[in-house]
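One structure is given here, and the rest of the page talks about it.
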Amino acid sequence: MRFPLAVIEEATQVIKQYAEKPFLLGYRISPEEIEKPGITLEDTLEFIDRLKETKIDYLHVSQGDVWRTSLRDQNSSQIVNEVIRDRVAGAFPLIVVGSVKTPQEAEKACKSFDIVALGHESLWEPKWVQKVENGDESAIRYSVSKEDLIDLGIQPSYV
Ligand SMILES: Cc1cc2nc3c(=O)[nH]c(=O)nc-3n(C[C@H](O)[C@H](O)[C@H](O)COP(=O)(O)O)c2cc1C
């Protein structure tokens with residue numbers, strides 16, 4: 001934990017010294033690693049306690065699915081993001097990401113978490129927000145062809 005906490009401390013000082021406008025500082029974390037040894041959910045929860053002592057503006061949890069259960073503990077039925085949300089307990093906004101594509105999926109996740117991010121979907125459909133705002137949801141692209149990738153300037157490894 002010492003390394004990320006030292007990075008946060010340094011970034012906080014640099015923002016204080018140089019930022020001329022409000023400058024958000026967030027932390028992005030993969031809450032569990034499948035490898036052993038690797039980061040466990042317990043490690044992450046302990047780290048969150050330490051993050052509460054810092055001045056971060058948000059925590060962004062990176063997972064393949066917003067609603068996934070533990071990678072390491074296959075017997076657990078707890079949703080990792082809900083466990084994290086309860087531990088954060090409003091200390092800073094929680095951003096979640098993972099397999100959210102449709103406006104309905106985003107809305108459902110927004111009911112449980114502060115902010116929902118789109119990864120793949122925002123690359124495939126850069127105008128996702130505008131299309132939802134304009135009620136043009138039927139024009140949202142949910143998959144990409146090889147030709148689309150070239151048009152969008154996306155490397156195939158990102159699909
Ligand atoms: C090619 C690729 C590289 C990624 N690299 C990282 C990374 O370095 N760090 C990280 O936290 N997440 C990484 N992710 C995970 C994404 O940030 C995101 O959590 C994931 O794609 C799930 O969101 P999505 O289903 O909306 O795309 C990566 C995903 C992809 C496809």
Within the 4.5 Å heavy-atom criterion, are [X] and [Y] side-chain neighbours or not?
X      : Y      : result
Val14  : Glu10  : yes
Arg28  : Val97  : yes
Lys131 : Arg141 : no
Leu59  : Ile84  : yes
Leu152 : Pro126 : yes

How far does [atom1] of [X] sit from [atom2] of [Y], to the nearest 0.5 angstrom?
X      : Y      : atom1 : atom2 : result
Ile8   : Gln13  : CD1   : CD    : 12.5 Å
Thr102 : Trp128 : OG1   : CH2   : 7.5 Å
Ile34  : Arg72  : CD1   : CZ    : 7.5 Å
Leu118 : Ser99  : CG    : OG    : 11.0 Å
Leu41  : Asp73  : CG    : CG    : 9.0 Å
Glu35  : Glu32  : CD    : CD    : 11.0 Å

Counting only N and O atoms by type, is there a donor-acceptor contact under 3.5 Å from the side chain of [X] to the main-chain atoms of [Y]?
X      : Y      : value
Glu125 : Lys127 : yes
Ser62  : Ser30  : no
Lys52  : Arg87  : yes
Asp43  : Thr40  : yes
Asp114 : Leu94  : yes

I'd like to know if [Y] and [X] are part of one continuous hydrophobic network [Ile/Leu/Val/Met/Phe/Trp/Tyr, side-chain heavy atoms within less than 4.5 Å].
X      : Y      : answer
Leu45  : Phe92  : yes
Val66  : Ile29  : yes
Ile140 : Leu123 : no
Val100 : Val144 : no

A quick test of your reading: do over 12 heavy atoms of other residues, nucleotides or ligands sit less than 6.0 Å from OH of Tyr142?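 Yes - once you tally the heavy atoms of other residues, nucleotides and ligands closer than 6.0 Å, there are more than 12.
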Under a plain distance cut-off of 3.5 Å, with no hydrogens placed, do Glu82 and Ser112 share a side-chain donor-acceptor pair?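 There is no such pair between these side chains.
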Could you check whether Arg50 pairs with Glu53 (Lys NZ or Arg NE/NH1/NH2 to Asp/Glu carboxylate O, under 4.0 Å)?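 Here Arg50 pairs with Glu53 in a salt bridge, since their nearest N and O are under 4.0 Å apart.
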Aromatic ring pairing Phe47/Tyr27, orientation class (parallel under 30°, perpendicular over 60°, tilted between):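 Phe47 vs Tyr27 ring planes: perpendicular.
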